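Input: a single structure, listed below in structure tokens.
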Number of protein chains: 2
Amino acid sequence: MSPARTPTGAAPTRGRRAGRSTGDDREAAILATAERLLRDRPFGDISIDDLARGAGISRPTFYFYFPSKDAVLLTLLDRVTEEADTAAGGVLDRLAEDPRARWRELIARFHAIFGGHRDVVLACAQVRGTNPEVRRLWAEVLERWVRAVQAAVEAERARGAAPDGLPARDLAIALNSMNERVWYATFAGDGPAVAERDVVDVLLDVWLTAIYHTTTPPLAPAD
Amino acid sequence: MSPARTPTGAAPTRGRRAGRSTGDDREAAILATAERLLRDRPFGDISIDDLARGAGISRPTFYFYFPSKDAVLLTLLDRVTEEADTAAGGVLDRLAEDPRARWRELIARFHAIFGGHRDVVLACAQVRGTNPEVRRLWAEVLERWVRAVQAAVEAERARGAAPDGLPARDLAIALNSMNERVWYATFAGDGPAVAERDVVDVLLDVWLTAIYHTTTPPLAPAD
DNA sequence: ACCCCAGTCAACACCATGTCGACTCCGATC
DNA sequence: GATCGGAGTCGACATGGTGTTGACTGGGGT
């Protein structure tokens with residue numbers, strides 16, 4: 001998970017224009033207010049004034065801490081993806097041990113984290129359409145995950161556990177895309193969706209069949 | 001494809017408040033303007049004034065034809081999904097003939113239609129986050145496709161061509177979701193994406209392995 | 001005693017949306 | 001051939017959210 005940590009790393013000061021004195025708690029208050037308000041209404045229905053008042057400041061003061069409403073969401077998203085990266089870290093290194101169990105662990109962890117921050121994730125999906133910054137950040141995060149999966153698939157093929165087929169990168173993109181969209185529908189309760197308690201196993205099944213052509217991949221190296 | 005044709009059917013007058021005289025061409029002009037403007041800037045950057053001026057009318061007059069900017073897009077979306085329904089109709093009835101070829105045909109047709117109206121589709125994906133009407137329409141369309149795929153999978157299992165496994169509905173949801181998200185990324189050129197010329201085959205591969213556990217499903221009935 | 005600057009906000013400028021009321025044709029009616 | 005009604009049209013206004021300006025405060029450093 002080391003490559004291209006640029007997004008979070010290269011933009012160390014997204015909120016708060018610079019400087020570092022007292023008002024740190026105000027910044028935190030804005031973030032907390034956003035997360036709280038998101039719990040019962042969509043991002044688009046929250047005005048900057050709501051955020052400001054919720055944090056006990058006036059609207060112009062809000063701009064002292066964040067350049068826009070979207071920047072608040074971006075900071076929130078940053079946290080979630082960082083958490084996900086941490087949770088996912090290393091799981092795929094031990095794939096050969098027990099492929100099915102490891103893939104399931106990976107998917108289950110993502111599920112737990114996205115589910116735990118569903119309001120933020122859902123809001124980001126909403127604004128991704130209109131905000132290039134969110135789009136860019138999400139694209140970078142996704143790229144890391146795609147690369148990790150791609151490498152894992154190539155490793156499984158190398159040890160003879162998975163058959164050749166699609167370019168590993170395309171496969172990784174397709175599977176990650178599926179997860180994203182399926183989780184979105186599940187958490188949003190929007191349109192045809194997989195039940196929340198089943199979603200990990202449904203996704204796992206498609207991943208395993210797409211990668212191994214079976215739902216019970218071999219544990220030991222083939223040769 | 002018969003069930004629940006409500007969306008288009010039950011709201012016969014989304015544009016135009018009622019009546020049916022000359023101004024039909026104005027309505028068409030608005031639609032055409034929207035499609036044209038969408039070609040070089042995102043939906044959010046197009047104002048009602050742009051639409052009105054493009055159609056040679058004033059902003060208040062616009063409201064005579066459509067209740068909002070989103071309603072224009074909704075009408076455009078309606079056309080595209082109708083076209084897709086037509087193109088997809090019946091393909092799955094002849095699945096047993098040659099499963100691989102039929103599934104490929106289905107995916108390729110959707111690809112062609114979405115690709116041909118990518119601006120509209122992309123715009124809809126953008127506003128789906130903020131507009132409940134678009135969300136609802138898309139959900140209904142998706143529900144039809146999910147049902148069709150579910151039925152096809154069940155039929156393939158019944159004739160012994162596909163192994164049992166996931167509930168067919170969950171599988172259908174997952175695969176349709178994957179397609180939606182993958183196409184979006186491909187057409188938007190946004191983040192990790194499959195190359196446009198490869199996308200049909202990539203999707204097909206995942207569909208076949210998920211449904212049949214092989215990329216070469218059997219042609220003749222098993223017993 | 002002074003200055004600087006993080007932090008604060010009232011007031012303003014701007015822009016997009018949506019609404020109202022008045023106006024103009026034009027075809028139908030008596 | 002007057003008049004009536006409704007489709008079609010738009011100028012002007014109300015509303016509401018965003019982002020900016022300029023002035024004020026208070027405390028830490030010199």
Side-chain angles (χ1 to χ4, degrees), chain A residues 12-34 37-38 40-75 123 126-127 129-134, chain B residues 12-34 37-38 41-76 123 126-127 129-134:
Chain A
T13 320
R14 171 152 35 249
R16 193 65 156 300
R17 304 214 208 279
R20 80 241 354 106
S21 55
T22 52
D24 269 345
D25 38 358
R26 287 287 149 90
E27 191 172 328
I30 293 172
L31 260 359
T33 302
L37 294 184
L38 237 23
D40 47 42
R41 61 183 193 268
F43 189 67
D45 290 3
I46 297 172
S47 72
I48 291 182
D49 211 73
D50 294 332
L51 257 21
R53 291 190 174 286
I57 55 179
S58 73
R59 204 163 53 78
T61 300
F62 168 93
Y63 286 100
F64 182 82
Y65 294 98
F66 292 95
S68 73
K69 199 172 64 162
D70 290 1
V72 176
L73 194 56
L74 213 46
T75 303
Q126 305 226 332
V127 298
T130 58
N131 184 308
E133 279 219 73
V134 172
Chain B
T13 320
R14 171 156 33 251
R16 194 65 159 298
R17 305 214 207 279
R20 74 222 29 79
S21 57
T22 50
D24 269 346
D25 37 0
R26 288 288 150 88
E27 190 172 327
I30 293 172
L31 259 359
T33 302
L37 294 184
L38 237 24
R41 60 180 192 268
F43 189 67
D45 289 4
I46 297 172
S47 72
I48 290 182
D49 211 74
D50 294 332
L51 256 22
R53 292 189 175 286
I57 56 179
S58 73
R59 204 162 52 78
T61 300
F62 168 92
Y63 287 100
F64 182 81
Y65 294 98
F66 292 96
S68 72
K69 198 172 62 163
D70 290 1
V72 177
L73 194 55
L74 215 44
T75 303
L76 253 20
Q126 304 226 333
V127 297
T130 59
N131 184 306
E133 280 219 73
V134 173

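Note on naming: letters A, B, ... go to the chains in the order of the sequence lines (proteins, then strands), and numbering restarts at 1 for each one. Remember, predicted model here, so these are calculated numbers, not experimental data.
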| said: Donor-acceptor pair, distance only, cut-off 3.5 Å: does the side chain of K69(B) make one with the backbone of I46(B)? | reply: yes
| message | Walk me through whether E133(A) and D70(A) qualify under side-chain contact (heavy atoms from CB on, under 4.5 Å). | response | CA-CA 9 Å; E133(A) 279 219 73; D70(A) 290 1; over 6 Å; no
| Roughly how many Å is it from CZ in F66(B) to C1' in dT17(C), rounded to a whole number? | 17 Å
| field | B/S/- contact track for nucleotides 15-23 of chain D, protein heavy atom under 4.0 Å | value | ---BBB---
| query | Separation of R26(B) atom CZ from dA7(D) atom C1', in whole Å? | reply | 12 Å
| said: Suppose we screen for salt bridge (charged side-chain N to carboxylate O under 4.0 Å, His left out). Which residues come up paired with D45(A), at least two apart in sequence or across chains? | reply: none
| Considering residues, nucleotides and ligands other than R41(B), do more than 12 of their heavy atoms fall under 6.0 Å from its CZ? | yes
| task | Grab the CZ-P distance between F62(B) and dT9(D) for me, whole Å please. | result | 13 Å
| request: Check the pair F66(A), T75(A) against side-chain contact (heavy atoms from CB on, under 4.5 Å), reporting the backbone distance first and the verdict last. | output: CA-CA 10 Å; F66(A) 292 95; T75(A) 303; 3.7 Å; yes
| said: Any non-hydrogen side-chain atom of V72(B) less than 4.5 Å from a side-chain atom of T33(B)? | reply: no
| Between dA16(C) atom P and L51(B) atom CG, what is the distance in whole Å? | 13 Å
| message | So, does T61(A) get its side chain near the phosphate of dT8(C), meaning an N or O under 4.0 Å from OP1 or OP2? | response | no
| field | Rounded distance in Å - CZ (F64(A)) to P (dT25(D)) | value | 18 Å
